[in-house]
Amino acid sequence: MSAPTQPDPNPGAPGAPTGPAGRRRDLPGSAFLTAARGRTPEHVPVWFQRQAGRSLPEYRRVRQGTGMLESCLTPDLACEITLQPVRRYGVDAAILFSDIVVPLKVAGIGVDIVAGTGPVIDAPVRTAADVAALPRLDAAQAEPVAETVRLLTGELGATPLIGFAGAPFTLASYLVEGGPSRNHERTKALMHAEPGTWHALLDHLADLTLTFLRVQVEAGVDAVQLFDSWAGALSERDYRRLVLPHSTKVLEGLADAGVPRTHFGVGTGELLGAMGEAGADVVGVDWRVPLDAAARRAPGKVLQGNLDPAVLFAGPEVVDAEVRRIVAEGHAAPAHVFNLGHGVLPETDPDALLRVVETVHSLPVRA
């Protein structure tokens, strides 16, 4: 177990780089930001991946008749959706309502989110010529996202806002496959058969992702999370050789931003050490690996996670026991941000999440 750290006397870290208005919000009481910086907060912070979304009746009402990408790019609507779980649950952080493919969309790549399928690409990218033809993202194209962030920083009070983007590998998978894939066979074929084309594609996507995250940072987000949703499909060897350099380009490109950086993937238990090397301050852990084991695989990293979202259907006593176990295991890391091991499932009872927040907040930060 790591040695206990001292309470952070100044978790808001004034003096960090500021946004275009010359000021970044000063949030010295934020448990989330304190933990994300590896210090000891007053209570274990908790937020939920996909906390804004289909599990909330207010979300379904406000988004009725509006497509997903349109919702993400309509600032007042995206602001309201982001705020909904903060109001309902009292979580320690909000996460910007957006989607992994939003930067592709605003850059001019033909993509839509099809109900029951997911992101679908108009023209898949499978050759060197396809990669060369990809548009670059200009920061001005992401202005609707920046405006959403500015609205939120005016509404959230003392609650920090997490910005996010998809990692280069996950974006590449959608582009190469043309949509979601179970086996990523076209993606892996390109990786191995044409490594030059592959690296050119991921380098392009790393630049796009970094631009998209910098827009959010400059607009005022207090932290960022890089989602590599499909990285768990890779071996550690392939991840290190063909993916890690590009995720590192994104995360290290934000090293001067003054905000905590989280890196998360699904099914990435064998990759936790490598993902921790990419430059993040916090490593997200899905439910497959206990946090004390994850602490050994990614030594020195703050951990985020990792309640199985399906356990929320098992009833209060089971959920309470699992929450307590996870918080106890989280003591093995320098600090712990409680979360689910992936996103909130659509049929989840919101009251179950509220009970999780209350339980987490009642537990000691250290054993």
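Between Leu303 and Val282, the closest side-chain pair of non-hydrogen atoms is not below 4.5 Å. In this structure, His342 and Arg50 have side chains that are in contact, with non-hydrogen atoms separated by less than 4.5 Å. Considering only heavy atoms from C-beta on, Val259 stays 4.5 Å or farther from Asp222 through its side chain. Using a 4.5 Å heavy-atom cutoff, the side chains of Arg297 and Glu270 are in contact. The side-chain heavy atoms of Thr268 and Met275, taken from C-beta on, include a pair separated by under 4.5 Å. Considering only heavy atoms from C-beta on, Leu340 stays 4.5 Å or farther from Gln49 through its side chain. Between Pro85 and Phe97 the shortest side-chain heavy-atom distance does not fall below 4.5 Å. Val250 is listed as a side-chain neighbour of Leu213, based on a closest heavy-atom distance under 4.5 Å.
Taking CZ from Arg296 and CG from Leu291, the interatomic distance works out to 11.0 Å, rounded to the nearest 0.5 Å. Taken from CZ in Arg186 to OG in Ser181, the straight-line distance is 7.5 Å, to the nearest 0.5 Å. How far CD1 of Ile81 is from CG of Leu56: 10.0 Å, rounded to the nearest 0.5 Å. Here the CG-CG distance, from Leu83 to Leu152, works out to 5.0 Å after rounding to the nearest 0.5 Å. Glu177 CD to Thr187 OG1: the interatomic distance, rounded to the nearest 0.5 Å, is 3.5 Å. Remark: Ile121 CD1 to Leu175 CG distance equals 5.0 Å, nearest 0.5 Å.
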Q: Apply side-chain hydrogen bond (donor to acceptor under 3.5 Å, both in side chains) to the pair Gln84 and Gln51, showing each step before the final yes or no.
A: CA-CA 9 Å; Gln84 287 174 348; Gln51 63 189 14; over 6 Å; no
**Q.** Ser71 and Arg63: CA distance, side-chain angles, deciding distance, side-chain hydrogen bond (donor to acceptor under 3.5 Å, both in side chains) verdict
**A.** CA-CA 7 Å; Ser71 299; Arg63 246 210 70 198; 3.2 Å; yes
Q: Could you give me the CA-CA distance, side-chain angles and deciding distance for His331 and His336, then say whether side-chain contact (heavy atoms from CB on, under 4.5 Å) is met?
A: CA-CA 7 Å; His331 295 157; His336 173 214; over 6 Å; no
Q. Should Arg214 and Asp256 be marked as a salt bridge (charged side-chain N to carboxylate O under 4.0 Å, His left out) after you check the CA-CA gap, both sets of side-chain angles, and the distance that decides it?
A. CA-CA 11 Å; Arg214 281 202 167 274; Asp256 64 347; 2.6 Å; yes
(Q) salt bridge (charged side-chain N to carboxylate O under 4.0 Å, His left out) for Lys301 and Asp281? Distances and angles first, verdict last. (A) CA-CA 6 Å; Lys301 293 296 179 179; Asp281 307 290; 5.9 Å; no
Q: Given side-chain contact (heavy atoms from CB on, under 4.5 Å), test Arg61 with Tyr59 step by step and report yes or no.
A: CA-CA 5 Å; Arg61 286 193 298 269; Tyr59 168 85; over 6 Å; no
Q | Trace of the side-chain contact (heavy atoms from CB on, under 4.5 Å) decision for Leu73 with Val106 | A | CA-CA 9 Å; Leu73 295 170; Val106 298; 3.7 Å; yes
Q: Take His43 and Asp92, measure what side-chain hydrogen bond (donor to acceptor under 3.5 Å, both in side chains) needs, and give me the verdict at the end.
A: CA-CA 10 Å; His43 63 262; Asp92 293 291; 2.9 Å; yes
Q. Given the rule in the side-chain contact (heavy atoms from CB on, under 4.5 Å) test, do Leu104 and Leu171 qualify, once you have shown the distances and angles that lead to the verdict?
A. CA-CA 8 Å; Leu104 303 181; Leu171 293 178; 4.1 Å; yes
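Two different hydrophobic clusters hold Ile100 and Val120 under the rule that ILVMFWY side chains link at heavy-atom gaps under 4.5 Å. Hydrophobic cluster membership is shared by Leu190 and Tyr174, with clusters built from Ile, Leu, Val, Met, Phe, Trp and Tyr side chains linked at under 4.5 angstrom. The hydrophobic cluster containing Val318 also contains Leu353, counting ILVMFWY residues as joined when their side-chain heavy atoms lie under 4.5 angstrom apart, directly or transitively. A single hydrophobic cluster is seen to contain both Phe227 and Phe32, as judged by linkage of ILVMFWY side chains at heavy-atom distances under 4.5 Å, directly or through other members. Residues Val215 and Leu210 are members of separate hydrophobic clusters, defined by side-chain heavy-atom contacts under 4.5 angstrom among Ile, Leu, Val, Met, Phe, Trp and Tyr.
Between the side chain of Gln216 and the backbone N or O of Ala146 there is no donor-acceptor pair closer than 3.5 Å. Side chain of Thr170 to backbone of Trp230: a donor-acceptor contact under 3.5 angstrom is found. Between the side chain of Asp286 and the backbone N or O of Val266, no donor-acceptor pair lies under 3.5 Å. In this structure, the side chain of Thr348 engages the main chain of Leu345 through a donor-acceptor pair within 3.5 Å. When atom types are taken as modelled, the side chain of Glu322 and the backbone of Leu307 share no donor-acceptor pair closer than 3.5 angstrom. Asp320 places no side-chain N or O within 3.5 Å of a backbone atom of Pro316 that could act as its donor or acceptor partner. Proximity of a side-chain donor or acceptor of Thr34 to a complementary backbone N or O of Ser30 within less than 3.5 Å is detected. Within the 3.5 Å criterion, the main-chain N or O of Asp138 finds a donor-acceptor partner in the side chain of Gln141. Under a 3.5 Å cut-off, the side chain of Asp292 and the backbone N or O of Glu329 do not form any donor-acceptor pair. Proximity of a side-chain donor or acceptor of Arg261 to a complementary backbone N or O of Gly279 within less than 3.5 Å is detected.
Residues Leu208 and Pro103 approach most closely at CD2-CB, 3.5 Å, considering heavy atoms. When all heavy atoms of Gly341 and Pro309 are compared, the closest pair comes out as N-CD, 4.3 Å. Across all their heavy atoms, Val357 and Gly90 have their closest contact at CG1-O, 4.0 Å. Of all the heavy atoms in Thr159 and Val91, the pair that sits closest is CG2-O, 4.3 Å. Nearest approach of Ala280 to Leu251, heavy atoms of both residues: N-CD1, 4.0 Å. Of all heavy-atom pairs spanning Met191 and Leu242, the tightest one is CE-CD1, 3.4 Å.
Within 6.0 Å of the CD atom in Glu277, the count of heavy atoms belonging to other residues, nucleotides or ligands exceeds 12. Counting heavy atoms of neighbouring residues, nucleotides and ligands inside a 6.0 Å radius, atom CZ of Arg288 exceeds 12 of them. When the shell of 6.0 Å around CD of Glu185 is examined, it contains more than 12 heavy atoms from other residues, nucleotides or ligands.
Ring pair Phe169/His184 is tilted by interplanar angle, where 30° to 60° counts as tilted.
Between Arg88 and Glu58 there is a salt bridge, with a side-chain nitrogen of the basic residue lying less than 4.0 Å from a carboxylate oxygen of the acidic one. The pair Asp207-Lys249 meets the salt-bridge criterion, since a charged nitrogen lies less than 4.0 angstrom from a carboxylate oxygen. A salt bridge does not link Asp351 to Arg355: none of the charged nitrogens lies less than 4.0 Å from a carboxylate oxygen. Residues Glu80 and Arg87 are paired through a salt bridge, judged by an N-O separation under 4.0 Å between the basic side chain and the carboxylate. In this structure, Arg241 does not pair ionically with Glu236, as no charged nitrogen and carboxylate oxygen lie closer than 4.0 Å.
Applying side-chain contact (heavy atoms from CB on, under 4.5 Å) to Cys72 and the options Val102, Thr66, Leu96, Thr148 leaves one that passes, Val102.
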